[in-house]
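Working notes, beginning with the structure itself.
Letters A, B, ... mirror the listed sequences (proteins, then strands); counts begin at 1. Note that these values count all heavy atoms, side chains included, but never hydrogens, waters or copies made by symmetry.
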Amino acid sequence: MPELPEVETVARGLQREIAGQRIVSLTLGKTDFIDNPEILEAELPGRTVERVERYGKFLLLRLSGAPEPEKSREEAALLVHLGMTGSLMPKGVQDERAKHTHVVMLLGDGRELRYVDPRRFGRMAYLAGKRLSDELQRFGLDPLQMSAGEFRQAIHLRKARIKALLLDQSVVRGVGNIYADESLWSAKIHPAELGARLKPERVAKLYKALQKILQRAILLKGSSIADFLDADGMPGEYQLHHRAYGREGKPCMRCKTSIRRIIVAGRSSYFCPNCQRTPRGIRRRARVKRGRRRIR
DNA sequence: CTCGATCCCTGGACGC
DNA sequence: TGCGTCCAGGGATCGA
């Protein structure tokens, strides 16, 4: 599932592959994940993808200005969220179209930039000017760009669980379930711990762990669970380095205790019950999701 | 402010 | 081989 390192990998690949390319034409399939398909059809053809950036878990395709002079100074971009199963890759026109190909952009060099997303949990939107800046403002700081102080500021007064805070894109942008669990394991913090109850030195430890893990994951081109591939169609390798995520029942790589899975903030959370002690005063209604009912 | 529940969606895993 | 069921999860939304 594409989180910050995976989206960064895709953004770098697309920057290398398609920056400078003009979008000649656009073909849409299913559009229920697109904010306003008509605007895409009206605005994209003729624009050039000036550069490709990552913004949290979004890909930001920065576009050249509109033909109309009064609008040409506006920043314009195509926002793409890959959701769980989305991919955005350049392909040759002759290449067979994968099932669930929903957007095809013909590029100036003859290739096609294709968006494929079986579950359509992704999102696509053309935004410009104030709409674009307003949208981007909804999000918190990038965990790789924020300072330790800014990170602490974002969580130290919050009563929510630290796992929920890490996943909240308005707190920090780009962290998802995998890297939240990995950084909490690394910092030895229980996912249900409340932000406000974390001592400053533990927050600092989490900040360092998060940055280190994200940077290392970027170097390894992300985690390929499900079907994540980078812009060259290559899987990442960070999934081989997971210490907690997806390791229920397997021994903790520090202390051999069996990794547990509970639900925190509505998400599977993998942790070591020995290294990451249950905080005092936490109601332990956090159980494994709807376990084994359905008797009969 | 924070929570859980629900929905969106498809494919893969699993049981029989 | 095939069918039914469960489950994954980011994000929006709603009610408590």
Run the side-chain hydrogen bond (donor to acceptor under 3.5 Å, both in side chains) test on A:Tyr179 and A:Asp181 for me, step by step, so that the C-alpha distance in whole Å, both residues' side-chain angles and the decisive distance to 0.1 Å come before the verdict.
CA-CA 5 Å; A:Tyr179 298 101; A:Asp181 279 4; over 6 Å; no

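- In this structure, of C:dA12, B:dG11, B:dC3, it is B:dG11 that holds the atom nearest to the side chain of A:Arg119.
- Applying the salt bridge (charged side-chain N to carboxylate O under 4.0 Å, His left out) test between A:Arg62 and each of A:Glu75, A:Glu74, A:Glu50 identifies A:Glu75 as the sole match.
- Distance from the side chain of A:Arg158 is smallest for B:dT2 among the nucleotides B:dC3, B:dT2, B:dC9.
- Of the candidate nucleotides B:dT10, C:dA12, B:dC3, B:dT10 has the atom lying nearest to any side-chain atom of A:Lys30.
- Summarising the geometry, the separation between CD1 on A:Ile262 and C1' on C:dG9 is reported as 17 Å, rounded to the nearest angstrom.
- Atoms CE (A:Met84) and P (C:dA12) sit 15 Å apart, rounded to a whole Å.
- Among the heavy atoms of the strands, none lies under 4.0 Å from A:Asp117.
- Taking atom CD1 of A:Ile178 as the reference point, atom P of C:dA8 lies 13 Å away to the nearest angstrom.
- Rounded to a whole Å, the NZ atom of A:Lys159 is 13 Å from the C1' atom of B:dC3.
- Set against B:dC3, C:dG9, C:dG11, the side chain of A:Asn177 has C:dG9 as its closest nucleotide.
- Looking at heavy-atom distances under 4.0 Å, A:Arg123 makes no contact with the nucleic acid at all.
- The side-chain tip of A:Arg260 does not point at the ring of A:Tyr270 from less than 6.0 angstrom away and within 45° of straight on.
- Protein atom CG of A:Asp32 is 14 Å distant from nucleotide atom C1' of C:dG11, rounded to whole Å.
- Proximity note for A:Pro118 (side chain, C-beta onward) versus B:dC9, B:dG11, B:dC3: the nearest is B:dG11.
- Computed from coordinates, the A:Ile162 CD1 to B:dC3 P distance equals 11 Å when rounded to whole Å.
- For the residue pair A:Lys256 and A:Asn274, no side-chain donor N or O sits within less than 3.5 Å of a side-chain acceptor on the partner.
- Here A:Tyr270 does not reach the OP1 or OP2 of C:dA8: none of its side-chain N or O atoms lies under 4.0 Å away.
- For the residue pair A:Arg47 / A:Tyr126, a side-chain donor-acceptor distance below 3.5 Å is found, with atom types taken as modelled.
- In this structure, the nucleotide among B:dT10, C:dG9, C:dA8 sitting nearest to the side chain of A:His100 is B:dT10.
- Here A:Phe121 packs flat against the base of C:dG10; its ring centre is closer than 5.5 angstrom to the base's six-membered ring, tilted by less than 30 degrees.
- Computed from coordinates, the A:Lys163 NZ to C:dG9 P distance equals 8 Å when rounded to whole Å.
- At B:dC9, none of the side-chain N or O atoms of A:Thr85 fall inside 4.0 Å of OP1 or OP2 (strictly under the cut-off).
- A 6.0 Å sphere centred on CD of A:Glu96 holds no more than 12 heavy atoms belonging to other residues, nucleotides or ligands.
- The side chain of A:Arg261 approaches C:dA8 more closely than any other nucleotide in the set C:dA8, B:dT2, C:dG9.
- At the phosphate of C:dG10, neither OP1 nor OP2 sits under 4.0 Å from any side-chain N or O atom of A:Gln169.
- You'll find that the side chain of A:Arg267 is closest to C:dG9, out of B:dC3, C:dG9, B:dT10.
- Under 4.0 angstrom from either OP1 or OP2 of B:dG11 there lies at least one side-chain N or O belonging to A:Lys99.
- Atom CZ in A:Arg138 sits roughly 9 Å away from atom P in C:dG11 (whole-Å rounding).
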